[in-house]
Peer 1: 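First the structure, which I've put down as C-alpha cells, then a few questions once you've had a look.
Convention: sequence-line order gives letters A, B, ...; per-chain numbering from 1.
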There are 2 protein chains.
Amino acid sequence: MATPANQNQKADETIHGRGLRMTDQRRAVYDVLMGERDHPTAVEVFTRVRAKVPTISLATVYNCLDTLTGCGLVKTVTHEREPARYCPNLEEHAHFFCESCGTVTDLPLRSRKRAEDVWEFPGEFNISHHEVSFSGTCPKCSAKAAKSKR
Amino acid sequence: MATPANQNQKADETIHGRGLRMTDQRRAVYDVLMGERDHPTAVEVFTRVRAKVPTISLATVYNCLDTLTGCGLVKTVTHEREPARYCPNLEEHAHFFCESCGTVTDLPLRSRKRAEDVWEFPGEFNISHHEVSFSGTCPKCSAKAAKSKR
DNA sequence: ATCTTAATTGGAATAATTCTTGATAAGGAA
DNA sequence: TTCCTTATCAAGAATTATTCCAATTAAGAT
C-alpha cells in the first residue's frame with residue numbers, strides 16, 4: 001500500500017472539496033507518486049500506473065496530474081526543458097538534479113531562511129511562486145568520480 | 001549600435017579562443033541580445049535578427065544561441081516548459097516572470113548572500129549550476145491591479 | 001432507472017527544438 | 001592566387017512532450 005490511509009483520506013477530501021471525483025485513475029496516479037518518491041515524468045507515472053490500471057491512457061495520466069496539481073496535492077517540477085516531473089512533497093523545498101545518474105533530490109529549506117531574502121527585488125513585486133533547482137553530481141556519483149580518478 | 005565595442009571585442013576573443021569564428025550571424029544574434037535586454041525567445045531573436053541579416057534561418061539562430069551559451073557569453077533561461085529565453089547578463093542573478101504582462105526581470109544577488117545557504121544539502125553534493133525563478137506580478141501590473149480594484 | 005455531467009480514451013494536432021543533408025564560405029597551405 | 005579542409009549555414013524533415021478533440025463510459029443525484 002503506497003499511500004497511508006490518512007493521507008489518502010485527505011486527498012479525497014481535497015478533491016471532493018473542489019466538486020471533483022476521486023476516480024480509480026486519479027487514486028492510482030496519486031498512489032504512484034506517494035509510493036516511489038523519485039520525481040517521475042508523466043510517461044514514467046504512466047508505465048507504473050498501468051500495473052494497477054492496465055487500461056489507463058497517457059492522456060488520462062496527464063489529466064490526473066493536472067487535476068492533482070490544480071488541487072495542490074502534487075507539485076510540477078521543471079528543469080531545463082526536460083520533461084516535467086511530479087512531486088508529492090508539499091513542504092517548501094528546492095531540487096537537485098544529478099547530471100550523472102539523473103536522480104532528483106529534495107532539498108529542504110534551512111530553518112529561518114527565506115528565498116526572497118537572497119535576491120534583490122527592484123520594486124513592489126508580488127510573488128506567487130518560486131522554483132529553485134541546482135544541478136551537478138549527487139553524493140554517490142561524486143564519490144564514484146573521486147574514486148575512479150585516484 | 002547595440003553592443004559596446006569593448007564587449008564586442010571580448011566576445012570575439014572568447015569565440016576565437018574556442019577555435020570558432022565570429023560570423024555575421026553570430027555577431028547579429030549577440031547584438032540583438034545585448035541590445036534589448038528583455039530575455040527574448042529564439043523566435044523573437046530570429047525576427048529581430050532578420051532586420052540586419054534577412055537571409056538568416058531559425059535553425060541558424062538556434063545554432064548561434066547554442067554556441068554563444070556554450071562559450072559562456074549568454075545564458076539560457078527556462079521557466080515552466082515555456083520556450084527558452086536568452087540573457088546576456090553574466091552576473092549571478094535570479095529571474096522574475098510576470099504572469100500578467102510576460103516581462104522577465106533580472107534579480108541581482110544581495111551582497112553577502114549565497115543561494116547554497118538557504119537550502120539543506122543532505123550529503124556531499126557537487127553544485128555546478130543553479131537556476132532560480134520567481135513568478136507573480138511585477139510592480140507595474142501590481143499597481144494596475146490595485147488601482148482597478150479600488 | 002434515468003438523467004446530467006464529469007471523466008476517460010485514443011488519436012490527431014501543436015509547438016519548440018533538434019537533426020540531416022547539401023550548399024557556402026573562410027582560413028591556411030602550397 | 002588557387003586549392004583544400006573544415007566550419008558554418010540553410011531549408012526542411014523529424015522528434016518529443018504535451019495538449020486538444022470528439023466520442024464513449026461511468027458516477028452521483030433525482
Peer 1: Please report the distance, rounded to the nearest Å, between CG in A:D66 and C1' in D:dT18.
Peer 2: 9 Å
Peer 1: Within the pair A:R81 and D:dA17, is there a side-chain N or O less than 4.0 Å away from OP1 or OP2?
Peer 2: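 So the side chain of A:R81 is outside the cut-off, no N or O lying under 4.0 Å from OP1 or OP2 of D:dA17.
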Peer 1: Determine all donor-acceptor pairs shorter than 3.5 Å in which one atom belongs to a side chain in residues 131-139 of chain B; sequence neighbours excluded.
Peer 2:
residue	atom	partner	partner atom	Å
B:E131	OE1	B:T78	OG1	3.3
B:E131	OE2	B:T78	N	2.9
B:S135	OG	B:E99	OE2	3.4
B:T137	OG1	B:S142	OG	3.0

Peer 1: Give a yes/no answer on whether the side chain of A:Y62 brings an N or O atom under 4.0 Å of OP1 or OP2 in D:dT18.
Peer 2: yes
Peer 1: Using a 4.0 Å heavy-atom cut-off to protein, can you give one letter per nucleotide of nucleotides 2-8 of chain C, 5' to 3': B if the base is in contact, S if only the sugar-phosphate is, - if neither?
Peer 2: ---BBSS
Peer 1: Tell me whether A:Q9 at atom CD has more than 12 heavy atoms from other residues, nucleotides or ligands lying less than 6.0 Å away.
Peer 2: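 No - once you tally the heavy atoms of other residues, nucleotides and ligands closer than 6.0 Å, there are 12 at most.
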Peer 1: Rounded to the nearest Å, what distance is computed from the CE atom of residue B:M22 to the P atom of nucleotide D:dC9?
Peer 2: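 From B:M22 CE to D:dC9 P: 11 Å.
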Peer 1: Would you mind reading off the distance between B:R27 atom CZ and D:dT8 atom C1', rounded to a whole angstrom?
Peer 2: 16 Å
Peer 1: With no hydrogens and no angle check, do the side chains of A:E116 and A:H130 hold a donor and an acceptor under 3.5 Å apart?
Peer 2: no
Peer 1: Take atom NE2 of B:H16 as the centre, draw a 6.0 Å sphere, and report whether it contains more than 12 heavy atoms from other residues, nucleotides or ligands.
Peer 2: yes
Peer 1: Round to a whole Å and report the spacing from CZ of B:F46 to C1' of D:dA10.
Peer 2: 10 Å
Peer 1: With sequence neighbours excluded, tell me which residues meet side-chain contact (heavy atoms from CB on, under 4.5 Å) with A:P122.
Peer 2: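 Checked A:P122 against side-chain contact (heavy atoms from CB on, under 4.5 Å); matches are A:F125, B:T105, B:L107.
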Peer 1: What is the distance, to the nearest angstrom, from the CG atom on B:L58 to the P atom on C:dT18?
Peer 2: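 After rounding, the reported distance stands at 11 Å.
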Peer 1: Over how many whole Å does the gap from B:R18 atom CZ to D:dA7 atom C1' extend?
Peer 2: 16 Å
Peer 1: Could you state the atom-to-atom distance from CD of B:E82 to C1' of C:dA15 in whole Å?
Peer 2: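 For the pair B:E82 CD and C:dA15 C1', the rounded distance is 13 Å.
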Peer 1: With A:D12 as reference, evaluate A:R21, A:R27, A:R26 under the side-chain hydrogen bond (donor to acceptor under 3.5 Å, both in side chains) test and give the passing residue.
Peer 2: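 Exactly one candidate clears the test, A:R27.
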Peer 1: Given atom NE2 of A:H79 and atom P of D:dA17, what is their separation to the nearest angstrom?
Peer 2: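 So the two atoms are 15 Å apart, to the nearest Å.
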